Amino acid sequence: MRYLWLLIFTYCTWAVVAQAPADSAVMLPATIVQGDRYSLLPAGARYDSLQIDALSVQMTDGLDDVLADEGLMFLRQYGPVGLASISVRGTSASQSAVLWNGMNLQSPMNGQKDLRLMPAFFLESASVSYGVGSAIAGSGAIGSTLELSSRPEELKGRSMRMQTALGSYGYATYGMALEYGGEKFRSSTKLYLNRSDNHYPFTNTTRGMASKDTLRHATVSQTGVQQHNSYTTDVGRFELNFMHLGAERQLPPTVFEASSQKAQQDGITYANAGWQYHTAKNGWNANLGWIREKINYQDSLLGLNAANKANSFVFQPEYSRSIKGKHLLKISGYHRTDLADLDAVSERVQRQESALIVSLAMAFSGRWLINANVRGGYSRQMWQPVIPSVATSYAIKDYLTAKLQLARHYREPTLNDLYWEPGGNPDLQPENGSSADATLLIKPKWKKGKFSAALTGYITYIQDQIVWEPQGSIWSPGNVSEVFTRGAEAWMRVVWPVGQWRLAWKSGVSYTRASKDAFTSPHQVAQVPIWKSNYRLALHWRHFKLQYRHQVTGRRFTNAGNSAWLPAYNVGTLELSGGYGWGDLGLKAFVKADNIWNQNYRIVAAYFMPPRHYKIGLSIFFHKK
Amino acid sequence: MRRFTVFMAAIGFLLLSANCNKDNPDPNERAPFISGESVFVLSEGVFQQGNASVSHYNKVAREVENRVFHTVNEADLGDVAHSMTIHEGMGYIVVNNSQKIEVVGLDSLARQEMFTGFTSPRYIFPVQSNKAYVTDLASDSVAIIDLSSGQITGWMAIQGSTEEVDRNSQFIFIANNSNEYVYVVDPATDSLIDKVEAIEGMKSIATDMDGDLWVLCGGNSSNNIPPRLFEFDGTTLVQQKDLTLPSGTYASDLTANGTGDTLYYLNQGVYKMPAGASQLPANPLIEPGSRTLYTIGIDPDESHIYVGDAGNFSDNGSVFRYAPGGQLVDSFKVGIAPGYIQFY
């Protein structure tokens with residue numbers, strides 16, 4: 001039956017072609033002129049802006065849940081507690097960059113970023129650009145670049161927000177924000193607490209007896225604090241951003257284990273200081289960042305106790321110049337120092353990376369935008385390959401825009417790859433590859449409602465992929481693998497007003513064929529679903545919204561020979577939200593049911609996900625301009 | 001619209017029909033595995049993917065069936081199948097990261113029972129009709145288990161990771177991978193009565209036709225410790241031989257043939273030596289080539305050598321069957337990372 005669902009939804013979406021993000025870059029937008037080089041990300045690329053409304057239901061979720069709801073990326077959630085990372089276009093978690101205020105947050109130790117720990121409440125905006133390439137975003141931006149910002153650009157006046165949500169299986173979250181936005185000075189302080197027990201029932205189908213089980217040893221508690229300050233003077237805007245995230249996690253037994261005494265503590269600090277100054281023709285940016293990660297892992301059953309920590313320092317200066325008011329030249333520098341104390345390594349390990357990036361954005365006749373970038377870098381006492389990318393966007397008609405992008409990619413080995421004892425390989429070369437993608441956007445002007453659609457086709461090739469393999473009794477990484485990925489993505493969005501009602505539909509489907517070592521290999525890379533689709537139907541009436549979301553994820557093979565797999569799954573979410581305001585005071589409430597069809601499903605082999613569960617939330621806000 | 005409805009109905013019918021087509025026949029309808037002709041190959045699978053499997057190879061018909069446990073029991077075997085022991089008509093499959101032992105009938109691998117309560121089990125070794133020892137990577141002890149009830153009746157405290165178990169007419173020997181000792185156990189009292197000193201890193205032990213104990217310590221290339229092979233007198237436990245393998249290599253899977261007069265081990269290739277030899281063989285009997293040889297099994301009846309090739313540990317592996325002289329007889333595909341071979 002689940003395959004019927006998949007087929008029907010897939011057919012429906014393809015039948016109407018596709019959906020489009022709202023961007024149609026037919027002229028050089030002001031954000032590109034004034035922003036840092038990451039503002040060039042959407043040019044030519046498929047791009048999704050995520051729904052991070054200040055008072056939306058998602059504000060009580062982690063970023064992983066928001067991404068699962070919004071995009072076509074495959075989110076690998078290791079149960080309700082463990083690592084959550086993204087897989088885009090067949091790539092691994094370490095092959096998608098995660099930027100926060102322009103800083104790449106991928107761990108220098110394992111190359112991944114645990115999105116579960118990032119509360120959506122701390123974000124002002126989030127977007128995903130697909131296959132943009134490393135010329136702009138640096139190492140690891142092969143599948144996608146997830147760009148997060150905690151800068152409250154629109155903030156005006158004083159505001160205070162308090163929110164809470166309670167839910168099934170001991171879920172409770174609390175958030176508070178105090179914000180001020182004046183002509184020159186802006187400040188935002190946010191606090192976040194979250195706790196859940198996750199002692200939910202599931203049917204363990206792996207044992208052949210369909211045994212009823214309950215997840216145990218799965219309590220997680222998270223804390224977070226974030227501070228943003230900016231001050232605008234005659235010599236530019238200065239800003240300071242700080243975020244600290246802490247988590248205590250019991251790691252539950254996998255479906256293959258009888259019990260677990262595993263636990264993990266995370267302490268992550270991000271800080272950056274920035275300066276921006278623009279004149280009519282020239283612009284200067286400088287950004288200084290610090291990332292600190294501390295991860296302690298224990299397994300008292302096995303007598304394991306591992307402590308790992310890393311510090312990264314990033315400096316990114318940039319100069320931009322407007323040419324004839326239509327074109328823009330950006331020259332950016334990049335330096336990053338990573339220092340890590342790995343549990344398995346007796347001495348502190350470090351790596352330095354420096355790069356120079358030249359970007360040119362050109363707009364012609366208000367319809368045609370070209371963006372070209374080239375990056376040259378030096379890391380670990382050797383020159384990195386020159387990484388170019390070129391992207392173009394052309395408005396064929398007022399309602400039709402074509403985008404094309406060619407990019408090279410690279411990914412530096414992680415510090416674990418290089419220095420782990422035993423097995424680390426300091427002679428590893430960076431992974432490198434290239435990709436091409438083409439997108440067609442349709443956005444006709446309707447008298448009444450709105451319609452947009454997009455269709456993208458892409459191909460990606462990665463060589464020298466780093467894989468750990470046994471060398472005698474020791475596992476060691478090598479540049480051994482090639483991955484060929486090709487696919488298509490389609491999106492569609494319709495908004496239709498009917499009197500005081502408004503009906504909104506959004507859907508998307510992706511097809512991903514990823515093969516290893518040969519383009520013609522019949523086998524799909526393990527853990528990569530071939531089909532994935534998302535559907536959202538919302539009914540708006542005044543300040544109320546009733547929304548149903550549905551995700552279909554195709555089967556994922558669990559071995560390279562494709563003889564074993566995890567079955568496809570459907571997950572539906574129903575939510576009702578509404579708000580009311582009295583002058584400066586406002587209130588918003590929601591009730592939400594996740595996994596409404598009560599599917600017993602796994603995203604990864606090791607854990608069953610929660611059955612139907614509920615959340616109820618309340619936000620109170622005060623805002624005075 | 002009508003065509004669409006008909007199309008979808010047809011697709012739905014086909015899908016539902018396909019779902020009704022079970023490919024899991026009743027174990028009773030299968031031809032039973034034949035004693036004396038059967039070889040079971042355990043494939044570890046990928047850690048935390050739960051895709052361990054058992055293959056059955058009929059050495060007479062030269063036919064292989066993969067994922068037998070899954071097919072027969074409509075259940076996954078678990079995560080990291082490590083070893084299999086046959087005792088009094090039953091098979092005991094130790095699934096390391098699932099912390100369990102599956103007890104199966106040997107004619108079909110139909111599940112009979114499941115033993116649990118272990119931390120990280122490695123080997124089960126029956127010492128009496130109804131009693132077995134279960135070694136463990138992490139529990140600092142060896143479990144004593146009642147085979148009729150599946151209950152753990154006691155523990156023998158041994159610090160570190162215990163690995164292979166073997167016996168001669170007098171003693172039970174338990175290898176310890178964490179220190180330099182092989183522990184000697186009296187099965188009547190389940191007590192440690194002695195220990196034999198070798199070097200760290202032992203996973204593999206065997207006894208020969210004289211009851212002598214052979215201990216293979218794998219070595220550690222990152223610490224510049226070469227592998228070493230020791231022989232101890234089976235009665236006095238006095239060291240007889242200390243043979244050093246080439247530095248920078250790793251050795252494993254010490255195995256005796258059915259008569260106990262010949263020893264085999266892996267050191268990239270397969271090496272073969274008489275139990276009475278005073279020197280190590282200079283060249284392998286079977287060259288590894290581009291393969292990742294990960295386990296060996298010696299057929300106790302005809303001394304054919306079965307070698308598991310784990311490849312890259314993520315694709316399905318292979319097993320190669322050789323005659324005692326090293327001539328290739330057959331090869332067949334199995335699951336991911338074949339790590340143990342059991343003859344029935």
Side-chain angles (χ1 to χ4, degrees), chain A residues 1-8 11 15 78 204-211 253-261 299-304 421-424 467-475 480-481 516-517 523 525-527 557-566 602 604-607, chain B residues 4 7-8 11-12 15-16 18-19 45-46 48-53 66-67 69-70 73-76 78-80 95 97-100 111 114 116-120 137-140 201 218-223 248-252 267-268 292 294 310-316 333 335-336:
Chain A
M1 192 62 193
R2 53 184 177 265
Y3 300 111
L4 190 60
W5 269 103
L6 181 65
L7 201 75
I8 290 170
Y11 180 86
Y78 288 77
N204 191 341
T205 53
T206 66
R207 294 179 187 158
M209 307 166 198
S211 57
T254 66
V255 293
F256 320 113
E257 296 170 331
S259 63
S260 167
Q261 291 180 19
D299 186 344
S300 50
L301 268 181
L302 298 181
L304 285 177
E421 288 179 2
V467 177
W468 284 70
E469 291 188 335
Q471 311 285 333
S473 64
I474 295 167
W475 287 68
V480 297
S481 186
K516 204 172 156 189
D517 298 331
H523 296 137
V525 169
Q527 316 299 340
F557 295 104
T558 57
N559 60 3
N562 292 180
S563 59
W565 59 85
L566 295 170
R602 285 183 287 171
V604 298
Y607 296 102
Chain B
F4 171 73
F7 172 73
M8 294 310 297
I11 294 285
L15 289 171
L16 292 172
N19 276 347
V46 179
Q48 293 234 323
Q49 293 298 319
N51 51 9
S53 63
N66 289 318
R67 303 188 78 210
F69 183 92
H70 184 273
N73 299 295
E74 298 184 26
D76 294 336
D79 200 30
V80 189
V95 192
N97 200 44
S98 294
Q99 303 164 312
K100 67 174 182 179
R111 174 189 274 155
M114 190 165 66
T116 57
F118 313 103
T119 303
S120 184
L137 266 186
S139 67
D140 288 330
N220 187 332
S221 54
S222 50
N223 290 340
T249 65
Y250 176 74
S252 65
N267 188 4
Q268 294 190 311
T292 308
Y294 191 54
N312 59 11
F313 287 81
S314 58
D315 294 314
N316 286 339
K333 280 280 187 190
I336 298 170

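Chain identifiers are assigned alphabetically (A, B, ...) following the order of the sequence lines, protein sequences preceding nucleic acid strands; residue numbering begins at 1 within each chain. Computed from a predicted structure; not experimentally measured.
Interface remark: of the candidates T119(B), N267(B), T249(B), T119(B) forms the most heavy-atom pairs closer than 4.5 Å to chain A. Interface check for chain A: of the options N97(B), T116(B), N316(B), the most heavy-atom pairs under 4.5 Å are formed by N97(B). For the set A526(A), A564(A), S259(A), G423(A), the entry with the most heavy-atom pairs within less than 4.5 Å of chain B is S259(A). For the set A138(B), A251(B), S98(B), the entry with the most heavy-atom pairs within less than 4.5 Å of chain A is S98(B).
The structure places CG of L566(A) at 7.5 Å from CD of Q49(B), a figure rounded to the nearest 0.5 Å. The OH atom of Y607(A) lies 6.0 Å from the CD atom of Q48(B); values are rounded to the nearest 0.5 Å. One finds the NE2 atom of H70(B) at 9.5 Å from the OG1 atom of T206(A) (value rounded to the nearest 0.5 Å).
Heavy-atom distances place no part of E421(A) under 4.5 Å from chain B, backbone and side chain included.
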| Under the side-chain contact (heavy atoms from CB on, under 4.5 Å) criterion, do H523(A) and D315(B) qualify, and how do the steps go? | CA-CA 10 Å; H523(A) 296 137; D315(B) 294 314; over 6 Å; no
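Side-chain atoms of N51(B) come within 3.5 Å of backbone atoms of T558(A) as a donor-acceptor pair (strictly under, hydrogens ignored).
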